[in-house]
Protein chains: 2
Amino acid sequence: MAVIYSPIDTFLQVIKGKYKAKILIYLAARQRRYSEIKRKFPLMSERILIKQLKELEQQGIITRSVTGTKPPLKVQYQLTAYGSTVCPILKQMWFWGEQHEQQAR
Amino acid sequence: MAVIYSPIDTFLQVIKGKYKAKILIYLAARQRRYSEIKRKFPLMSERILIKQLKELEQQGIITRSVTGTKPPLKVQYQLTAYGSTVCPILKQMWFWGEQHEQQAR
DNA sequence: CAGTATCCGTTTTGATACTG
DNA sequence: CAGTATCAAAACGGATACTG
């Protein structure tokens, strides 16, 4: 990771990665199982999905909790209180995108 | 560029690149000359600076205007009205970064 | 002054077969 | 079910010498 030079980087760090912003929006409604997230983004490879979930977890944006100890595990991912604070900004980004889809092409 | 699947991508497209968000914030105050921008971000290579300015121009986020035709050119970059609409979101990203610098480490 | 051209290293992502 | 391991490909960024 690069040295952080400005507050903008602090934020960008959180959503850095091809699908992180989308994952966070998907988790905004409620917690989700690993398989749910995977199904939601069929174009994302497992390696990348896991990597981004792990990074978000390490940054304290989401938590990972396991139910069951035998092979059919149940793993849930959910936003932390801290992670939730990014949602308003993500929603604004989404809203801006909706409004400007035409110009953006 | 990838196919756009969601409004979030429409927005992320605009700030995609190591320094784009910072360049836009720097242009938010007023138009700037190429050399000013270059001096502001001494760690950014010229190739990348030009590339990102060009992309922003093609996306209609900024304009490029030239004064003078002989070798000492004067080139100014400035936000378009459309480009200005991203600033409120950039400022929120900045504000979030300031507030959460501690947690983010 | 404001770029362009070239070359190259690093980072990020993808596909897929396999495992606790 | 929820991952890991391995290998390869592509995207991205950096350095620097040169040009209109």
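Chain identifiers are assigned alphabetically (A, B, ...) following the order of the sequence lines, protein sequences preceding nucleic acid strands; residue numbering begins at 1 within each chain.
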Under 4.0 Å between any heavy atoms, over every strand shown, what does [X] touch: base, sugar-phosphate, or nothing? Just pick one.
{"X": "A:Gln52", "answer": "sugar-phosphate"}
{"X": "B:Gln76", "answer": "nothing"}
{"X": "A:Gly17", "answer": "sugar-phosphate"}
{"X": "B:Lys74", "answer": "sugar-phosphate"}

Please state how far atom [atom1] in [X] lies from atom [atom2] in [N], giving the value in whole angstrom units.
{"X": "B:Lys40", "N": "C:dA2", "atom1": "NZ", "atom2": "P", "result": "17 Å"}
{"X": "A:Leu43", "N": "C:dT13", "atom1": "CG", "atom2": "C1'", "result": "13 Å"}
{"X": "A:Ile48", "N": "D:dT4", "atom1": "CD1", "atom2": "P", "result": "13 Å"}
{"X": "B:Arg32", "N": "C:dC1", "atom1": "CZ", "atom2": "C1'", "result": "18 Å"}
{"X": "B:Ile50", "N": "C:dC1", "atom1": "CD1", "atom2": "P", "result": "14 Å"}
{"X": "A:Met44", "N": "D:dG3", "atom1": "CE", "atom2": "P", "result": "13 Å"}
{"X": "B:Ile15", "N": "D:dC12", "atom1": "CD1", "atom2": "P", "result": "14 Å"}
{"X": "B:Leu49", "N": "D:dG14", "atom1": "CG", "atom2": "P", "result": "11 Å"}

Exercise. Return yes if the base of C:dT13 and the side-chain atoms of A:Arg47 contain a donor-acceptor N/O pair under 3.5 Å, otherwise no.
Key: yes
Counting only side-chain N and O atoms of [X], is one of them less than 4.0 Å from OP1 or OP2 of [N]?
{"X": "A:Tyr19", "N": "C:dG14", "result": "yes"}
{"X": "A:Lys18", "N": "C:dG14", "result": "yes"}
{"X": "A:Tyr77", "N": "D:dC1", "result": "no"}
{"X": "B:Lys16", "N": "D:dC12", "result": "yes"}

Quiz prompt | Base-pairing mate for C:dG20 - Watson-Crick or G-U, with both contacts under 3.5 Å | solution =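 Paired with D:dC1.
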Quiz item: According to the Watson-Crick and G-U wobble definitions, with both distances under 3.5 Å, which nucleotide is paired to C:dT11?
Solution: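 Pair assignment: C:dT11 / D:dA10.
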Checking [X] side chain against [Y] main chain: does a donor-acceptor pair fall under 3.5 Å?
{"X": "B:Gln52", "Y": "B:Tyr19", "value": "yes"}
{"X": "A:Lys54", "Y": "A:Ile50", "value": "no"}
{"X": "A:Arg32", "Y": "A:Tyr26", "value": "yes"}
{"X": "B:Gln59", "Y": "B:Glu55", "value": "yes"}

Among the candidates [options], find the nucleotide nearest to the side-chain atoms of [X].
{"X": "A:Leu73", "options": "D:dG13, D:dA2, C:dT13", "result": "D:dA2"}
{"X": "B:Ser35", "options": "D:dC1, C:dA2, C:dG14", "result": "C:dA2"}
{"X": "A:Lys51", "options": "C:dT13, D:dG3, D:dC1", "result": "C:dT13"}
{"X": "B:Glu46", "options": "D:dG13, D:dA2, D:dT16", "result": "D:dT16"}
{"X": "A:Val75", "options": "D:dG14, C:dA2, D:dG3", "result": "D:dG3"}
{"X": "B:Lys54", "options": "C:dC1, D:dG3, C:dG3", "result": "C:dG3"}
{"X": "A:Tyr34", "options": "D:dG14, D:dG3, C:dA2", "result": "D:dG3"}

Practice problem: Before accepting this row, confirm whether a basic side-chain N of the pair A:Glu36/A:Lys40 lies closer than 4.0 Å to the acidic partner's carboxylate O. | Solution: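 No, this pair does not count.
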Quiz item: Parallel, tilted or perpendicular for A:Phe11 and B:Trp96, by the 30°/60° rule?
Solution: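 Correct class here is perpendicular.
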